[in-house]
**Student:** 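My structure is below; once you've seen it, I'll send some questions.
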Amino acid sequence: MLIAVDEVQTPGYSVLAALLLFIAASVWLGTVAQKAMEKKDFMQGFFLGNRGLGAWTLALTATVQSGGTFMGFPSLVYSFGWIVAVWIASYMIVPLTGFAVVGKRLAQLSRQTNAVTVPDLLRERFGDSRVGLLASVMIMFFLSFTMFAQFKAGATIMEHAWPGSGILALTEDYDAPVATQSGESTESAAATPKTFRQTMRTWFPLSSKYYIGLMVFSITVVGYTLIGGFMASVWTDLFQSVMMVIGVMLLVCLAVPMAGGLEAASRAAVASTSPALAFGPGYSTAGREFLTPGLALSMFFVWVFAGFASPASMVRVMAAQNTEVMRKSILLLSCYNCLIYIPLIMTCIAARSLLPDLGKQSDSVIPRLSLLVTRDFPFETGQFVSGLILAAPFGAIMASVSCFVLVIASGMVEDIYAKLINPKASEKQLRRATTISMVAVGMVAILANLNPPQYLQALVVLSGSAGAATFIAPVVMACYWRRATASGALAGMMGGFLVYFGVYSCGWMQNWATGNPKLPGAELILSILGQDPKIGPAGFFRPYYILGLDPIVWGMLASVVAGIGVSLLSKPPAPELVKRFFDVRPTSTIGGTA
Amino acid sequence: MMSHANEHPLLKSARREAIAALSIWLLTTIYCVGYCSLYGYMRDPGDPTSSGRDPQSLTYILGFPDWIFWGVVVPWGVCTIVSGVFSFCFMQDADLEN
């Protein structure tokens, strides 16, 4: 962090003002949401918005779920060049697969089972409480990592938005790039123990602005989610998605002409780096191959299957009003993705030629660029406009934290409290349990972030893909396969989870051994796993690539094989159970739902 | 495959749509990854015998490198149109309540 802050890089009060505006708007949306849901059954209203999602709210919130896509992504384009377009290319198909593969059936099953959560649905569908319990534990495990990281990101953005804090870098994990001294990005694994020891010396190692940011962020987000429930989370998500597209459109319209057009920008960027910026596997000074064809193939699995098999997006689909809303959502989200990703790539290529020397500070490309392109706006309005552009990712973080807090709390209340502890709970008790669990989740997140671990961002990617590898087989089987059994669903979850984590942890061992070749055991590990292939993004928590493919492919394969295999080996499910979910009901029992 | 006379109509249409969507996904994946692997990877400058493109041969279409244009931008547009047609002409509405 030695590069001096130059004149276009100091966000004044405008960024802070824009963030506070966002917070105020979200709290307001939370109170509006509360009025909208007060009527029916508390659980259905609070956790599913009475299944009333319309096309816009469904499209723009179901699969665009983390601010991460918008924050890490520009930095990748800046660093590696055009190949990142291939990395994200599967988003062209995500809207279709996101709603058309399991969407309709999931929405139907969730009504037939009267499920509020995904574990609820799986438990009823397979008629086995173990399936629900395992799913619940898995979901809480995955989402906790992601959620803790987002709390940290929110706090850090507030810290950096404070005037005089230097450039606002839009990364979800600030410490990772800062901690490195040599090599590309987080290459130096040897730095870990040292940094760890330093941070252990004191309980509160970070600046007081960070803690103020953490408190303000946590209290507002948990607060408005507590007030407005599911609808508050959905509406803030919609709000930030709209702000995001406005921001991207502004940036692309200002930055690309400023760089003299896209081709000129691309040529200038190539001239200042190497032709590798315009080709695969991507530009790198450290000899890393960012995206080999095998990894490009893997990305078509990662985004597509994490898109519809992740618990947070399944909940949104369960809340869809009707099938017409889903159909419209496919088209809306397709158009939205067109407006976001390719323009964002164009913007970052332009940034590569306008701001050629960011080096390791590539995470700050969007804040710097927005301050640069709005520099000549009259009457200082540029500052405020760039403040709003920067507030959009902050809104994305708030929206996803709100969604995760809700999913975790719904798991604790519906799957554990109402199903196991107090099955006869009154509405008042459920309300109280909801408040307690959400406040508890917020407190744990604050405690976890008092001294936040490094490499959280890597754990976020990991838990997102792990969710897909775990749930893909059970969910598809639940929707379409009559012969699927509870044991098969359990095996599918465990199989996907264990294989995914197993393959991933081989990568950590390989990395550790590469960083500490003299330590006992390192040689043995490297002789089994082989040397670091130097592909994929850098970082300590790198996966192990079997046949050059991402672990998600192997995890999904294991999930499917285990799910089908164990289903066939176990006793067929009870015919009444299958009938209930697959066949038309005899007309005499209409009204038997609920 | 066993046929089930009483099968819920939503299930039939949903299954058909799932198969169609996954087929479109498969085609897209094969085309994009295939095209970009063939035309988007640069020849190793230190090894003239290696496969891949000569960086001098790169042209630009509407400002995009040619292989990005044909391998990502065009299929992205096609996918968006296909998704629109899929959602309005192929995918069927169904009653979720019964």
Side-chain angles (χ1 to χ4, degrees), chain A residues 82-83 85-86 89-93 95-97 99-105 107-108 111 256 261-267 275-276 278-281 293 296-297 300-301 304 320 322-324 326-331 334-335 337-338 341-342 346 476 479-480 482 579 582-585 590 593, chain B residues 2 4-11 13-15 17-22 24-25 28-29 32-34 36-37 40-43 45 52-53 55-56 58 60-65 67-68 71-73 75-84 86-88 90-98:
Chain A
W82 278 108
I83 187 70
V86 183
S90 57
Y91 266 83
M92 68 175 81
I93 194 77
L96 184 63
T97 52
F99 296 110
V101 176
V102 290
K104 219 156 94 170
R105 183 74 177 127
Q108 186 196 32
R111 282 165 169 81
V256 172
L262 189 58
E263 182 173 343
S266 201
R267 286 186 189 278
F279 282 104
L297 179 67
F300 273 80
F301 283 83
V304 168
N322 51 39
T323 53
E324 188 190 336
M326 279 185 205
R327 290 193 296 109
K328 287 184 181 160
S329 293
I330 294 178
L331 186 62
S334 295
C335 296
N337 282 357
C338 279
Y341 292 102
I342 291 182
M346 292 159 65
V476 174
C479 287
Y480 297 113
R482 286 168 183 264
K579 256 201 184 82
F582 283 79
D583 292 340
V584 181
R585 288 160 187 233
I590 279 186
T593 39
Chain B
M2 273 186 293
H4 295 273
N6 285 330
E7 196 168 70
H8 200 287
L10 181 141
L11 188 62
S13 68
R15 189 183 280 130
E17 286 150 17
I19 291 169
L22 286 175
I24 297 172
W25 164 75
T28 314
T29 306
C32 288
V33 177
C36 292
S37 307
Y41 283 78
M42 197 172 67
R43 193 164 66 194
R53 272 182 76 170
Q56 300 299 323
L58 184 71
Y60 289 88
I61 304 172
L62 299 178
F64 296 96
W67 64 278
I68 289 284
V72 178
V73 178
W76 202 306
V78 172
C79 259
T80 305
I81 296 167
V82 168
S83 301
F86 187 101
S87 57
F88 281 89
F90 181 71
M91 197 166 160
Q92 286 173 359
D93 277 330
D95 183 6
L96 293 172
E97 300 296 338
N98 288 305

**Student:** If you count heavy-atom pairs under 4.5 Å with chain B, which of Val102(A), Thr97(A), Val304(A) comes out on top?
**Tutor:** Val304(A)

**Student:** Please round to the nearest 0.5 Å and tell me the distance separating atom CG of Asn6(B) and atom NZ of Lys579(A).
**Tutor:** 7.5 Å

**Student:** Please classify the contact between Val78(B) and chain A as side chain, backbone, both or neither, with a heavy-atom cut-off of under 4.5 Å.
**Tutor:** neither

**Student:** Could you check whether any side-chain heavy atom of Val584(A) comes within less than 4.5 Å of a side-chain heavy atom of Glu7(B), counting everything from C-beta outward?
**Tutor:** no

**Student:** Taking Ala14(B), Pro9(B), Cys36(B) one by one, which has the highest count of heavy-atom pairs under 4.5 Å against chain A?
**Tutor:** Ala14(B)

**Student:** What part of Gln92(B) is in contact with chain A, defined as an atom under 4.5 angstrom from a non-hydrogen atom: side chain, backbone, both or neither?
**Tutor:** both

**Student:** Could you check which of Gly77(B), Gly71(B), Gly84(B), Pro55(B) has the highest count of heavy-atom pairs closer than 4.5 Å to chain A?
**Tutor:** Pro55(B)

**Student:** Check the pair Leu11(B) / Arg105(A) against side chain to side chain contact (heavy atoms under 4.5 Å, CB included), numbers first and verdict last.
**Tutor:** CA-CA 7 Å; Leu11(B) 188 62; Arg105(A) 183 74 177 127; 3.0 Å; yes

**Student:** Does any N or O in the side chain of Thr323(A) come within less than 3.5 Å of the main-chain N or O of Ala94(B), such that one atom is a donor and the other an acceptor?
**Tutor:** yes

**Student:** Which atom names give the shortest non-hydrogen contact between Ala21(B) and Val101(A), and what distance separates them?
**Tutor:** CB-CG2, 4.0 Å

**Student:** Below 4.5 Å from any heavy atom of chain B, which atoms of Ser90(A) appear? Answer side chain, backbone, both or neither.
**Tutor:** neither

**Student:** Measure the spacing between CG of Asn337(A) and OG of Ser83(B) and express it to the nearest 0.5 Å.
**Tutor:** 9.5 Å

**Student:** Taking only residues two or more places apart in sequence, or in another chain, which ones meet Ala89(A) in a side-chain contact (heavy atoms from CB on, under 4.5 Å)?
**Tutor:** Met92(A), Phe300(A), Val72(B)

**Student:** Measure across Tyr480(A) and Ala18(B) and return the closest heavy-atom pair with its distance rounded to 0.1 Å.
**Tutor:** OH-CB, 3.7 Å

**Student:** Measure the spacing between CG of Asp93(B) and CD of Glu324(A) and express it to the nearest 0.5 Å.
**Tutor:** 5.5 Å

**Student:** Checking Arg482(A) against chain B: side chain, backbone, both or neither under 4.5 Å from a heavy atom?
**Tutor:** side chain

**Student:** Can you find a pair of side-chain heavy atoms, one from Ile83(A) and one from Trp67(B), that are under 4.5 Å apart?
**Tutor:** yes

**Student:** How long is the gap from OG1 on Thr29(B) to CD1 on Ile93(A), to the nearest 0.5 Å?
**Tutor:** 7.5 Å

**Student:** Most heavy-atom pairs under 4.5 angstrom with chain A, which of Phe64(B), Trp76(B), Tyr60(B)?
**Tutor:** Trp76(B)

**Student:** Looking at chain B, which one of Pro281(A), Pro275(A), Pro293(A), Ala264(A) has the largest number of heavy-atom pairs inside 4.5 Å, strictly under?
**Tutor:** Pro293(A)

**Student:** Return the CE to CG distance between Met91(B) and Leu331(A), rounded to the nearest 0.5 Å.
**Tutor:** 12.0 Å

**Student:** Can the positive tip of Arg53(B) be found less than 6.0 Å from the middle of the six-membered ring of Phe279(A), inside 45° of the ring normal?
**Tutor:** no

**Student:** Checking heavy atoms, do the side chain of Ala276(A), its backbone, both or neither come under 4.5 Å from chain B?
**Tutor:** both

**Student:** Kindly indicate whether the side chain of Phe88(B), heavy atoms from C-beta on, has any atom under 4.5 Å from the side chain of Arg327(A).
**Tutor:** yes

**Student:** Side chain, backbone, both or neither: which part of Ile68(B) has a heavy atom under 4.5 Å from chain A?
**Tutor:** side chain

**Student:** Does the side chain of Leu10(B) come within less than 4.5 Å of Lys104(A)'s, by heavy atoms?
**Tutor:** yes

**Student:** Let me know if Leu62(B) has heavy atoms under 4.5 Å from chain A in its side chain, its backbone, both or neither.
**Tutor:** backbone

**Student:** Please verify the inter-ring angle class for Phe301(A) with Trp25(B); under 30° counts as parallel, over 60° as perpendicular, anything in between as tilted.
**Tutor:** perpendicular

**Student:** Between Ile24(B), Val82(B), Ile19(B), which shows the greatest number of heavy-atom pairs under 4.5 Å with chain A?
**Tutor:** Ile24(B)

**Student:** Just so I understand: if I count every heavy-atom pair under 4.5 Å between each of Val256(A), Ile330(A), Val476(A) and chain B, which residue has the most?
**Tutor:** Ile330(A)

